[in-house]
Asks: 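Handing you a structure now.
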Protein chains: 2
Amino acid sequence: MAANSKFPSQLVFPSGDKPIVTATDVAREAGVSISTVSRIVNGTARVAKDKRLAVEAAIARMDYRPNLQARSLKLGTSMIIGMLTQDIESPFLARVIRGFEEALVGTGYAPIIVSGHWNQKEEIERVGLLMDRRIDGLVVLYGDLSDSQLLEISRRQPVVATGRRLEGEHIRTLQLDHEQGGYIAASHLLGLGHRRIAHISGPPLHTDATERYAGFVRAHREYGVEVDRDIVFQGDFLEHGGVLAMNRLLDCGKNFTAVFASNDQSAMGAHLVMYRRGIRVPDDVSLMGFDDIPAAAYLTPPLTTVRQPFFEIGLYLAQSLLAMLGHDLGELTVPSMELVIRESVKRC
Amino acid sequence: MAANSKFPSQLVFPSGDKPIVTATDVAREAGVSISTVSRIVNGTARVAKDKRLAVEAAIARMDYRPNLQARSLKLGTSMIIGMLTQDIESPFLARVIRGFEEALVGTGYAPIIVSGHWNQKEEIERVGLLMDRRIDGLVVLYGDLSDSQLLEISRRQPVVATGRRLEGEHIRTLQLDHEQGGYIAASHLLGLGHRRIAHISGPPLHTDATERYAGFVRAHREYGVEVDRDIVFQGDFLEHGGVLAMNRLLDCGKNFTAVFASNDQSAMGAHLVMYRRGIRVPDDVSLMGFDDIPAAAYLTPPLTTVRQPFFEIGLYLAQSLLAMLGHDLGELTVPSMELVIRESVKRC
DNA sequence: ATTTTCCTTGAAAACGTTGTCAGCTTTTTA
DNA sequence: TAAAAAGCTGACAACGTTTTCAAGGAAAAT
């Protein structure tokens, strides 16, 4: 309790010198009632032309803008959509957010973005914050919330979540086919004659990562090539994890002709290690990433990778939430992954 | 007008199956008045112990959370701080946002982030959106709003802005010393014996960019070296602009031993061009960036650059806004730039 | 035992909206 | 020309809070 106790006792709010004008002020100025002002602002009923003109003039003159808080209170809908992301700085999450923003333009909904930093406790707190503001919907970008927590949250307002599969009345999920993505990557390498392919995996609890590995294994099986578990090292989806894994890989003494990193950030770490040790990409070793983050195109050599359509994912999330909110948007196509061939892989 | 006309006529808000509980419900459940509930929630007055216990139990049992919209309406303060950024995807803006978020944790304020995409019209619209929600303060990260527009905005609520210098009752600005940053970069190169230093500039209207160039010129003057304007090419602060500028630079036939790119993203573009043309960094040409974005440390070779303390900038912005809102935070130290020596520059 | 003080409490008004309702015009119909 | 219908409009009651005010009861003082 005592939610306010953290604030100084006598707060000064320098509210600015420009007076806040309300519908009442406009009504007085235009010589009508506030009901009429409301009707004109929202276009919710016919109003005589002369009054409409007078009100519109007053609105323009006084620079009136309706108080959205009050409107929300009355209407029971805030026109805010909450978004729980994990890390604003993550290049791929940022792109998802961008797509999401884009889809919301012109709908009247505004996004409010909070970050959970892959920390369940923080995520719960931030979602609570959002829900206290009576958001009309919530988008959850990955994270460590449990399925049952998510289901509970969806009892208050519709939820769309990524990175899991879940059934519920007010919940939709988007799960890309990472197994297929891993399969595409490994097939590309195998198709170019590589037979000894090392792998830098992602966090073992991250299903995206494990599924990519599963696809990697399936491709090997189809090509009749055995996966050598000794040249699979664990990363953490970050650059530094790629550095560590690559060092261990090179020190283990086993040979290989290609490396498939479970994401581009790991690939960047691995790439740096090879540069340091004088191993040329792709002449000595081919390198393949996953995600297609913006920096991937500017590595030297530019990185061959599997593109996740992040922007489209953002669009999709927004649209499926809007659909749950009663906006008809027609059929949604779920975005799929595709191979992006650049210069970091060559025939073996 | 007709702000709602873009919505389907009969909206369905699937509000979820969990009932929304209000202070009134809690009061009824606990057998007290809503005034008492409010007092307990906010710790704003003494309440008899038995009632307090009853109310706290009811709150826990019913999972009551105060409606922040209603509270805002009554109190005239929303506990929301608006942030106008330009592009969620920009690696350095993201880091500023991160610092900003960090500083807000535990203050009760929540950030709401909107993007202007370096487009004045869009910026105005988004700020309007924020102000309609009665934000308590606004942070403007760069952008194309004019000084007078910003001043006008600051008449409603306190504003903190970056990338300009401005005086006003309710406005604070943070302007880092980019001239000094440019000076640091050029001095580093000159100090290592480089005398023919090419430059990839930023957008000519972007004062950060022009100031960096001014510092570059000052360093040359101090070293008694003449700047050759023929090897200064304009970029756009993005990777592709770096590609274009570097190509033109190489094609112009003039010689040079180092390139100072006005930001890391330009440097990445330039780096790629040199890789393509078989020019080795730093053996053939030294390359220096500006910003120290996360990817800079993973270029091959890792990029020598001037670090802008983005995270600290975010902290600083939040703190100076909080200070304007009446929270005493002690003295603020304005963050400064520093040279980050990696491996893309060598002695000439 | 009576007054004074202090403490705890609930009723009611406000914050800025929206929407219902009823009343007043004006127009249409018989 | 009267009656019915339609068109406009303002009063007023919400929405869920916080806070003022006054009242009631208990404790302290006389």
Side-chain angles (χ1 to χ4, degrees), chain A residues 1-4 7 10-11 13 15 19-55 59 62 64-79 131-134 136, chain B residues 1-5 7 9-11 13 15 19-55 59 62 64-79 131-134 136:
Chain A
M1 300 313 91
N4 286 335
F7 306 121
Q10 67 288 58
L11 270 185
F13 289 106
S15 45
I20 297 184
V21 5
T22 72
T24 313
D25 301 323
V26 173
R28 187 175 341 100
E29 180 83 1
V32 298
S33 73
I34 63 168
S35 319
T36 301
V37 174
S38 170
R39 280 188 271 257
I40 290 170
V41 170
N42 300 301
T44 164
R46 295 193 56 104
V47 167
K49 189 164 187 183
D50 56 334
K51 308 216 176 191
R52 194 179 67 242
L53 260 27
V55 170
I59 287 177
M62 308 174 78
Y64 165 70
R65 313 213 51 168
N67 182 331
L68 257 35
Q69 311 253 23
R71 177 183 281 173
S72 297
L73 181 58
K74 185 68 178 74
L75 261 31
T77 173
S78 61
M79 299 308 283
M131 288 172 61
D132 290 348
R133 297 223 136 78
R134 299 296 189 264
D136 288 340
Chain B
M1 304 307 93
N4 284 334
S5 59
F7 305 123
S9 45
Q10 66 290 57
L11 270 184
F13 289 108
S15 46
I20 299 183
V21 5
T22 72
T24 313
D25 301 323
V26 173
R28 188 176 340 102
E29 179 83 1
V32 298
S33 74
I34 64 168
S35 322
T36 302
V37 174
S38 169
R39 280 188 269 258
I40 290 170
V41 170
N42 300 302
T44 165
R46 295 193 57 104
V47 168
K49 189 164 187 182
D50 55 334
K51 308 215 176 191
R52 194 180 66 244
L53 261 28
V55 169
I59 286 176
M62 308 173 78
Y64 165 70
R65 314 212 52 168
N67 182 330
L68 257 35
Q69 310 253 22
R71 177 182 282 173
S72 298
L73 180 58
K74 186 69 181 75
L75 262 33
T77 172
S78 61
M79 301 308 282
M131 289 172 60
D132 290 347
R133 297 222 134 79
R134 298 295 188 265
D136 289 340

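In the text below, chain A, chain B and the rest are named by the order of the sequence lines, each starting its count at 1. All heavy atoms count here, side chains included; hydrogens, waters and symmetry mates do not.
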Asks: Under the side-chain contact (heavy atoms from CB on, under 4.5 Å) test, which residues partner B:Ser38, sequence neighbours left out?
Replies: B:Asn42

Asks: Looking at residues at least two apart in the chain, or sitting in another chain, which of them share a side-chain contact (heavy atoms from CB on, under 4.5 Å) with A:Asp25?
Replies: A:Val21, A:Thr22, A:Arg28, A:Met62

Asks: Return the value, rounded to whole Å, for the distance between atom CZ of A:Arg134 and atom C1' of D:dT17.
Replies: 11 Å

Asks: Using a cut-off of 4.0 Å between protein heavy atoms and nucleotide atoms, how would you tag nucleotides 7-15 of chain D 5' to 3' with B, S and -?
Replies: -SBBBB-BB

Asks: Would you mind reporting whether B:Leu68 and A:Arg134 have side-chain heavy atoms less than 4.5 Å apart?
Replies: no

Asks: Going from OG1 on B:Thr24 to OH on B:Tyr64, what distance comes out if it is rounded to the nearest 0.5 angstrom?
Replies: 8.0 Å

Asks: According to side chain to side chain donor-acceptor pair (under 3.5 Å), who are the partners of B:Arg65, at least two apart in sequence or on a separate chain?
Replies: A:Asp132

Asks: Describe, as an angle rounded to 10 degrees, how the axis at the first end of the helix from C:dA1-D:dT30 to C:dA30-D:dT1 is tilted relative to the axis at the last end, five pairs per end.
Replies: 50°

Asks: Sequence neighbours excluded and cut-off under 3.5 Å, please list the side-chain donor-acceptor pairs for residues 43-53 of chain B, or say none.
Replies:
none

Asks: Let me know the distance between CG of B:Asn67 and C1' of D:dT18, rounded to the nearest Å.
Replies: 13 Å

Asks: Apply side chain to side chain donor-acceptor pair (under 3.5 Å) to A:Thr36 and list each qualifying residue two or more places apart in sequence or on a separate chain.
Replies: A:Ser33

Asks: Just the endpoints, please: which first and last nucleotides of DNA chain C, 5' to 3', lie under 4.0 Å from a heavy atom of chain A?
Replies: C:dG16 to C:dT20

Asks: List in chain and number order the residues that pass side-chain contact (heavy atoms from CB on, under 4.5 Å) with A:Ser78, two or more places apart in sequence or in another chain; answer none if no residue qualifies.
Replies: A:Ser72, A:Ile80, A:Asp136, B:Gln69

Asks: Nearest whole Å is fine: how far is D:dG16 C1' from B:Arg28 CZ?
Replies: 13 Å

Asks: By the salt bridge (Lys or Arg N to Asp or Glu O under 4.0 Å) test, which pairs, at least two apart or in different chains, include something from residues 35-45 of chain B?
Replies: none

Asks: Looking at residues at least two apart in the chain, or sitting in another chain, which of them share a side-chain contact (heavy atoms from CB on, under 4.5 Å) with B:Ala30?
Replies: B:Val32, B:Ala54, B:Val55, B:Ala58

